[in-house]
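To start, the structure itself, in structure tokens.
Numbered from 1 within each chain, the chains take letters A, B, ... in sequence-line order. Just so it is clear, the values below take in all heavy atoms, side chains as well, and ignore hydrogens, waters and symmetry mates. Remember, it's a predicted structure, so these values are computed and weren't measured experimentally.
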Amino acid sequence: MSDATLDALYQEVILDHNRRPRNFHPMPAASCSADGKNPSCGDQLTIWVRVDGDRVAELSFQGIGCAISKASASLLTEAVKGKTRTEALALYETMHRVFTGLETDTAVLKGLGPLRALSGVSKFPMRVKCASLAWHAFKAALDGAGTVSTESGAPTPVS
Amino acid sequence: MSDATLDALYQEVILDHNRRPRNFHPMPAASCSADGKNPSCGDQLTIWVRVDGDRVAELSFQGIGCAISKASASLLTEAVKGKTRTEALALYETMHRVFTGLETDTAVLKGLGPLRALSGVSKFPMRVKCASLAWHAFKAALDGAGTVSTESGAPTPVS
Amino acid sequence: MSTGPLAPRADFPLLAASPDLVYLDSAATTQKPAVVLEAIRRYYTEANANPHRGAYALAAAATAAYETARHRVARFLGVADPDTLLFTRGSTEAMNLIATAWGRAQVGPGDNLVVTRMEHHANFVPWQQLALATGAEFRIAELGPAGTIDLEHLASLIDARTKVVAFGHVSNALGTIHPVTEIVRIARERSAGGAPLGPGLPPGALLVCDGAQAVPHLRCAVDALGVDAYAFSGHKIGGPMGIGGLVMRRGILEAMPPYQFGGDMIEWVEDRTSTWNVLPHKFEAGTPNVEGAVGLAAACDYVERLGLDAIRAHEVALTAEAMAALGAIGGVTLFGTPDATTRSGVVSFAIEGVHPHDVATTLDVAGVCVRAGHHCAQPLMRVMGVPATVRASFWVYSTSDDVARLAQAVRETQARFA
Amino acid sequence: MSTGPLAPRADFPLLAASPDLVYLDSAATTQKPAVVLEAIRRYYTEANANPHRGAYALAAAATAAYETARHRVARFLGVADPDTLLFTRGSTEAMNLIATAWGRAQVGPGDNLVVTRMEHHANFVPWQQLALATGAEFRIAELGPAGTIDLEHLASLIDARTKVVAFGHVSNALGTIHPVTEIVRIARERSAGGAPLGPGLPPGALLVCDGAQAVPHLRCAVDALGVDAYAFSGHKIGGPMGIGGLVMRRGILEAMPPYQFGGDMIEWVEDRTSTWNVLPHKFEAGTPNVEGAVGLAAACDYVERLGLDAIRAHEVALTAEAMAALGAIGGVTLFGTPDATTRSGVVSFAIEGVHPHDVATTLDVAGVCVRAGHHCAQPLMRVMGVPATVRASFWVYSTSDDVARLAQAVRETQARFA
Ligand SMILES: Cc1ncc(COP(=O)(O)O)c(C=O)c1O
Ligand SMILES: Cc1ncc(COP(=O)(O)O)c(C=O)c1O
């Protein structure tokens with residue numbers, strides 16, 4: 001594995017969101033929230049969502065985790081904001097394909113904007129669950145599930 | 001392994017005692033008796049001993065088992081008869097050395113008489129316990145132990 | 001009529017090194033193809049690390065090797081959901097896993113556990129001891145004619161309080177292939193008055209099938225068999241020792257308490273309590289036997305390349321030959337069903353007047369390895385009225401020559417003991 | 001100051017094939033010397049059969065291979081009576097064997113079980129769950145200064161109702177070598193009011209020592225340690241995966257009920273009850289992992305040839321170097337005792353502002369394999385106040401170059417995340 005692959009994982013966008021996570025605070029007025037846990041890493045985060053009609057109006061998160069999981073959560077809170085529920089769930093699906101390297105359509109990848117920075121994780125199978133943790137938690141919040149553990153929903157056979 | 005080794009195991013003496021075991025009957029007047037079991041073979045035999053003062057006056061046995069265990073029991077009942085307790089126990093020790101190939105002193109081997117036919121077993125480690133079953137039972141009878149299982153007292157690490 | 005080897009002898013280093021050896025104890029353990037030994041060596045040379053635990057590439061390779069092996073073995077066994085395939089040391093541990101984790105939680109006084117007279121100790125003693133420990137009743141389905149289980153008697157033992165029906169797929173002592181579908185139907189019907197085995201699962205008894213002697217010889221579509229649990233051993237199918245598995249319904253595994261505790265199987269360990277990882281990890285505490293899994297997967301590849309239908313045809317032919325050859329010798333008694341097509345490659349027999357252990361030793365000196373003993377089936381030997389039998393068993397490397405050498409050695413043995 | 005490899009890299013096929021790889025995760029699992037792989041191949045080529053069961057010469061060879069391996073490993077561990085060495089899958093199974101077979105029979109409400117804060121989940125969760133299952137109290141001895149166990153606190157937890165005191169020999173998370181003799185003295189004294197462990201045995205608690213991290217690094221004279229049970233894993237000492245062992249006092253093993261039921265461990269199987277085989281077979285149900293035992297014995301040969309004193313000196317030197325090199329980097333925190341002579345070859349650390357998993361990934365790309373995580377010691381991580389640490393661990397093939405590459409990669413990681 002080369003330094004270039006590592007550069008692709010830890011892109012400046014990721015490092016920046018790791019250093020200064022956006023929307024990093026609790027949200028008392030949230031419509032729903034969920035905890036995400038990654039037992040084998042010790043990562044834990046909470047994601048809060050304020051839904052307004054059919055739209056995801058606002059998101060925030062807090063927790064501890066590696067750069068990948070923190071940046072992924074931070075990017076999520078910005079990217080999903082303002083989307084309809086359907087759009088948000090479609091993006092959740094897309095991101096899973098991105099993390100696992102299944103999304104190869106360059107048009108789709110380009111359309112992701114800053115989220116595309118997370119695609120570098122697909123070369124690191126052991127880190128996929130770091131990237132997907134916040135997304136699992138977001139979906140769990142929308143579904144009213146409360147808690148989610150990456151050991152369960154992991155999209156790769158490698159949990 | 002050669003046919004000669006097999007001939008040494010199944011000597012005519014052995015085959016004869018297998019076909020026509022001597023002293024093959026219960027002994028109502030016995031002073032003591034013991035059961036010998038060899039669970040992994042399914043062998044089971046009972047040995048009866050009549051002690052007269054310090055002497056082993058008479059022995060008999062019954063049971064099911066392979067040619068080696070039957071011949072060994074049959075030969076035992078003849079060889080031990082008339083010996084003192086001390087002589088009998090010394091013979092028990094000698095026979096263990098014979099079965100496991102540790103007894104190499106030709107004078108001792110010659111002194112064994114027909115029992116020497118049992119020395120062929122030392123080349124067959126998995127059969128040593130067949131040869132020693134009756135001897136264990138005989139000792140258990142003298143000791144008043146009642147039952148003995150070759151899985152326990154086996155003289156080789158290979159039980 | 002002559003049957004050559006299905007797999008070249010050269011594929012098996014031990015057989016290649018001993019060209020005169022007639023190995024007829026494959027039901028105890030098979031010889032290993034070179035590809036399995038090579039897979040083990042390759043794993044340790046290219047991918048060895050502790051799986052599931054490291055973030056580095058080598059650990060990812062070890063994890064992939066282990067989980068890919070699980071997928072491979074699951075596919076071989078016709079198991080759609082690989083997470084319901086737990087790796088164990090072998091069939092024995094698989095049965096004990098069920099008896100400990102499921103049994104201790106589910107079985108109590110007034111319940112009963114049903115096994116058959118033909119079970120291997122591994123599928124007999126765990127249930128006998130579970131019954132003794134929980135106060136349940138232990139019931140044994142007796143034999144029908146010629147090496148079969150009496151299905152009517154079996155049916156009569158099963159009721160709404162039956163918690164386990166444990167039966168073999170193929171008998172290791174007699175080679176009988178049991179009618180699993182029929183047994184499942186009977187057991188489901190008779191135990192239907194019991195509680196469901198779990199949400200969305202059938203009611204009644206847990207149906208446990210011991211596949212140790214089936215997996216090497218038959219196409220075992222485990223999902224399609226309709227049982228709740230299926231056990232097997234890797235070393236009986238060309239794989240390494242120390243690996244085997246248990247396939248069990250997801251709903252039951254998820255509801256069941258764990259079996260062993262330690263690394264990998266936990267989610268969170270608090271001071272007072274713990275929570276468990278998802279399947280299959282919940283049931284695999286500690287560093288797994290990656291080598292074993294990789295070797296077993298290579299064995300599955302090898303066997304599938306030979307073809308399970310070809311293996312079956314090969315073994316039926318050899319079994320028929322052996323039964324004919326031995327049956328033609330006066331003083332030889334054959335045990336089990338007379339029809340080679342209803343048995344796997346196992347022929348159990350006795351020679352009048354010669355104890356099985358003497359037979360095994362004499363045959364051994366003639367270069368023919370057979371097993372003499374109770375075959376870990378003392379309850380069966382007892383009702384058969386024999387202390388032991390001689391058993392010859394075949395696998396892919398066995399040939400008509402082996403059968404001829406066996407028959408010849410049997411005749412020589414008779415001559416020696418005449 | 002420069003420490004070369006104690007064992008040539010060429011001895012280890014994986015390391016030989018990847019000359020640039022810096023493998024610093026030997027505490028998770030070691031790389032395997034070629035002699036171990038060769039012993040496995042040789043076993044399958046020359047002696048493979050099901051041991052204990054066959055009367056033929058090949059089966060005798062397999063039995064001899066297995067039992068000779070047991071003798072070899074016992075000698076390596078300073079165990080005089082080889083029959084008190086049971087082969088298990090590894091340390092995890094060893095602990096679970098005790099908790100299941102001995103614990104379920106011996107522990108009840110009002111009793112208590114004592115562990116330490118530093119235990120691996122394998123020596124923590126089985127006792128926690130045994131306590132929950134039996135109504136016993138579960139007690140945790142807390143930490144003293146810098147990576148030690150507070151022995152006074154430990155003493156205060158032990159009393160006449162203490163049934164088990166479970167402690168590690170060496171911590172896998174911090175490398176601390178615990179004062180086993182001192183712990184044994186304290187535990188015997190404090191629990192002396194309890195019932196004897198068996199005829200002729202000391203009274204009080206069962207002293208269970210987890211030797212998984214000690215056996216590869218220290219001369220472990222197990223009989224002389226004075227504990228009642230000692231567990232270890234073969235894969236951490238150059239042996240294959242899937243094998244390890246439990247040493248336990250004969251009197252306790254003989255009085256204990258069996259652990260798993262099946263072939264080899266029985267004496268007689270009657271319809272309603274069974275009796276058990278003698279030690280060690282009573283605790284080894286089913287076909288044993290002969291390959292694993294043979295491989296482990298070869299690993300013991302290899303390690304003894306290197307010399308345990310030489311291994312110890314080698315690891316102390318590397319640990320001191322690593323602590324010096326990493327300690328000199330600003331922003332790096334070292335965990336555990338500051339004295340390299342009181343720890344095994346394990347260095348746990350953190351880099352300020354960089355999560356351990358990001359450290360592990362960055363180091364991996366630089367060719368340095370380290371472990372990041374909770375090291376199966378969540379209860380310890382919790383009181384240390386960290387979610388995870390980075391751990392570098394050494395064995396016989398590690399060198400000063402490896403340490404230098406580690407330190408360099410740590411500096412590069414800091415630069416990337418600055
Ligand atoms: C201290 C300690 N105990 C127990 C274990 C468990 O060993 P295994 O996973 O080989 O069963 C390990 C290793 O993982 C360990 O480091
Ligand atoms: C029918 C049957 N069940 C169970 C077993 C036990 O398998 P293992 O010894 O591999 O655990 C065997 C083989 O010994 C067997 O033949």
Identify the heavy atoms of [X] and [Y] that sit nearest to each other, and give their distance.
X: D:Gly263; Y: C:Cys376; value: CA-SG, 3.9 Å
X: D:Asp271; Y: C:Pro379; value: OD1-CB, 4.2 Å
X: C:Leu14; Y: D:Tyr44; value: CB-O, 3.4 Å
X: D:Glu291; Y: C:Pro240; value: OE1-CB, 3.4 Å
X: D:Ala49; Y: C:Met241; value: O-CE, 3.5 Å
X: C:Gly262; Y: D:Thr92; value: CA-CG2, 4.2 Å

Using heavy-atom distances under 4.5 Å, tell me whether [X] contacts chain D through its side chain, its backbone, both, or neither.
X: C:Ala377; answer: neither
X: C:Gln128; answer: side chain
X: C:Val115; answer: neither

Measure [X] against the heavy atoms of chain C and call it side chain, backbone, both or neither at under 4.5 Å.
X: D:Leu15; value: neither
X: D:Ala28; value: both
X: D:Asn50; value: both
X: D:Ile243; value: neither
X: D:Ala131; value: neither
X: D:Pro288; value: backbone
X: D:Pro33; value: neither
X: D:Glu46; value: backbone
X: D:Val368; value: neither
X: D:Thr88; value: backbone
X: D:Thr30; value: backbone
X: D:Glu270; value: both
X: D:Tyr23; value: side chain

Considering only heavy atoms and a distance below 4.5 Å, find which of [options] pairs most often with chain D.
options: C:Met265, C:Arg117, C:His374, C:His375; result: C:Arg117
options: C:Ala372, C:Ala360, C:Gly286; result: C:Gly286
options: C:Asn48, C:Val36, C:Asp25, C:Ile140; result: C:Asn48
options: C:His120, C:Arg41, C:His235, C:His357; result: C:His235
options: C:Thr361, C:Leu37, C:Ile40; result: C:Leu37
options: C:Thr273, C:Thr100, C:Leu363; result: C:Thr273

Residue pair D:Leu24, C:Tyr56: steps toward the side-chain contact (heavy atoms from CB on, under 4.5 Å) verdict | CA-CA 11 Å; D:Leu24 293 177; C:Tyr56 52 88; over 6 Å; no
Could you tell me the separation between the CG atom of D:Leu97 and the CD atom of C:Gln260, rounded to the nearest 0.5 Å?
->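 The CG atom of D:Leu97 sits 8.5 Å away from the CD atom of C:Gln260.
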Separation of D:Asn96 CG from C:Phe261 CZ (nearest 0.5 Å) | 7.0 Å
Donor-acceptor pair, D:Arg382 side chain versus C:Val269 backbone, under 3.5 Å?
->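 Yes; judged by distance alone, with no hydrogens or angles, the pair exists.
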Sub-3.5 Å donor-acceptor pair from the side chain of D:Arg272 to the main-chain atoms of C:Leu132, do we have one?
-> no
So which of D:Asn123, D:Val125, D:Leu21 has the largest heavy-atom pair count under 4.5 angstrom toward chain C?
-> D:Val125
Heavy-atom pair count under 4.5 Å with chain C, highest-scoring of D:Ala17, D:Gly90, D:Ala285 =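 Sorted descending by pairs with chain C, the first entry is D:Ala285.
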Evaluate the side-chain proximity of C:Ile266 to D:Gln378: yes if any heavy-atom separation is below 4.5 Å, no if none is.
-> yes
Report yes if some heavy atom in the side chain of D:Gln31 is under 4.5 Å from a heavy atom in the side chain of C:Leu58; otherwise report no.
-> yes
